[in-house]
**Q** 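One structure coming up, written as structure tokens, with questions to follow.
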Amino acid sequence: MAIDVLVVGGGGREHALAWKLKQSPRVGKLYVAPGNAGTANLAENVPIGVMEFEKLAAFAREKKVGLTIPGPDDAFVGGIVDVFKSHGLRVWGPTREAAQIEGSKAFAKQLMHETKIPTAEFGVFTTPHTALAHVRARGVPIVIKASGLALGKGVYVCRTVAEAEQAIQEIMVDRAHKGAGDEIVIEEYLDGPEISIHALTDGSAHILFPPSQDHKPALDGDQGKNTGGMGTIAPVPWVTTEMMAGIDSQVVAPTFEALEKRGTLFQGLLFPGLKVTLEGPKVLEYNARFGDPETQVYMRLLKTDVLDLFEASVDGTLDTVGRSIEWNRGFAVNVVIASGGYPDAYKTGFPVSGIMEAEQDEHVVVFHAGTKKENGILVTSGGRVLGVSAIGGTLKQALDRAYAAVDKIHFEGMHFRRDIGARSLS
Ligand SMILES: Nc1ncnc2c1ncn2[C@@H]1O[C@H](COP(=O)(O)OP(=O)(O)O)[C@@H](O)[C@H]1O
Ligand SMILES: [Mg+2]
């Protein structure tokens with residue numbers, strides 16, 4: 001029997017989830033709240049904000065929505081799942097308590113420390129004075145992080161003591177990230193390429209998605225400021241099956257065990273960000289939801305009906321359903337096109353052209369992130385505007401297709417990285 005589904009969020013991740021859900025023969029009506037111009041093409045956008053949990057729950061009840069799938073971190077950390085459950089509504093993802101593993105980096109580091117999960121050495125500080133003393137004792141490079149959610153802007157990789165002092169000033173004294181910076185984590189700098197791991201769980205069994213890789217800095221060659229993510233590839237060709245097995249046994253499984261020991265049931269998606277160092281993979285942080293733009297490549301690769309996976313995660317049947325998960329062969333990539341100036345201040349409202357031309361290649365799907373329709377015209381409305389995804393038999397083929405499609409798209413000031421996946425080609 002078909003069920004109606006509500007996706008909560010309005011970014012590229014939610015467009016990709018809606019795009020894949022739309023292909024399920026078991027999905028009836030599909031709603032996205034608040035959605036974007038891309039989701040409007042395949043679902044009904046609902047003008048309710050991501051953090052308006054009671055309004056969203058009332059909508060889900062009124063429309064007899066059979067499953068709600070929230071996307072964004074702040075929704076989970078804010079307790080959207082708890083609110084839906086308190087209304088007796090079926091909802092996917094971690095509770096507020098379980099999402100603390102993302103919502104508090106201090107909590108996450110403590111859990112990793114106690115569980116001996118490989119991660120950077122660290123200290124937790126609540127005053128600028130003790131934080132500064134630690135930086136001076138440790139020296140640079142060093143990494144300073146606001147413990148709470150900070151829109152992906154709370155991490156400072158510091159190469160000089162002056163930079164570190166500035167970071168502590170911004171986070172703790174100027175309160176640039178408000179309460180998220182009341183506690184800070186200062187950690188050892190780790191060198192090496194980054195990978196994203198996605199583990200779907202029902203609270204008992206879990207399955208690993210193929211490894212993916214995001215590119216955080218704004219500019220080619222990993223230059224410029226960190227962003228929400230400028231592009232992804234999956235799978236990552238140099239991540240071996242053995243490496244994935246090691247990550248499962250040394251990171252993913254022990255994390256779930258440690259949460260269980262604390263009496264915390266984690267259902268949903270655990271996404272550890274890792275650095276592959278000379279000493280092996282080490283955890284940078286945990287996210288308690290799908291990555292954006294990782295989701296865009298996963299949805300292009302996934303063969304299995306994604307509703308089956310969400311329902312198995314909610315119903316506790318992942319043990320059997322997970323075993324039959326199927327992925328398309330080959331590679332998927334997603335190149336993010338951002339507004340000029342992003343991740344700093346940027347202007348919006350510029351008309352976007354060329355998406356239809358880009359999608360003329362059947363291997364290409366353009367996911368919207370910061371877009372909206374204004375008087376019938378598609379215009380930019382956010383920092384990350386589009387994700388141009390492509391699949392291919394080889395990574396090179398997928399990248400060539402994606403970049404050929406990117407070149408057909410235009411809006412004033414647009415910028416994107418030319419080197420997504422380039423390091424994995426050799
Ligand atoms: N210990 C570290 N060593 C080197 N780089 C780091 C370290 N911690 C974080 N980074 C860099 O900063 C980025 C953001 O850090 P992360 O902990 O993932 O926070 P968030 O995603 O919440 O902003 C990472 O993707 C990585 O590039
Ligand atoms: Mg991160």
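Counting starts at 1 for both ligands and their atoms, in listed order.
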**Q** Tell me which pairs pass side-chain hydrogen bond (donor to acceptor under 3.5 Å, both in side chains) where either residue lies in residues 241-250, with sequence neighbours left out.
**A** H206-D248
**Q** Taking distance alone, with no angle check, do Y189 and ligand 1 share an N/O pair under 3.5 Å?
**A** no
**Q** Aromatic rings W19 and F367: how do their planes relate, parallel, tilted or perpendicular, breaks at 30° and 60°?
**A** perpendicular
**Q** Looking only at heavy atoms of K105, does any of them come nearer than 4.0 Å to an atom of ligand 1?
**A** yes
**Q** N287 side chain to R289 main-chain N or O, any donor-acceptor pair under 3.5 Å?
**A** no
**Q** Please compare H215, E194, K216 and report which has the shortest non-hydrogen distance to atom 27 (O) of ligand 1.
**A** E194
**Q** Is the closest N or O pair between K153 and ligand 1 shorter than 3.5 Å?
**A** no
**Q** Report yes if L190 has an N/O atom closer than 3.5 Å to an N/O atom of ligand 1; otherwise report no.
**A** yes
**Q** Could you give all pairs that pass the side-chain hydrogen bond (donor to acceptor under 3.5 Å, both in side chains) test and reach residues 252-261, with sequence neighbours left out?
**A** T255-Y286
**Q** Would you say the side-chain atoms of D214 pair up with the backbone N or O of K216, donor to acceptor, closer than 3.5 Å?
**A** no
**Q** What residues form a side chain to side chain donor-acceptor pair (under 3.5 Å) with E374, not counting sequence neighbours?
**A** K372
**Q** With 2.8 Å as the threshold, which protein atoms of type N, O or S lie near the Mg ion (ligand 2)? Leave waters out.
**A** E285 OE2
**Q** Considering distance alone, does some N or O of E187 sit under 3.5 Å from an N or O of ligand 1?
**A** yes
**Q** Relative to atom 23 (O) of ligand 1, which among A108, A146, G152 owns the nearest non-hydrogen atom?
**A** G152
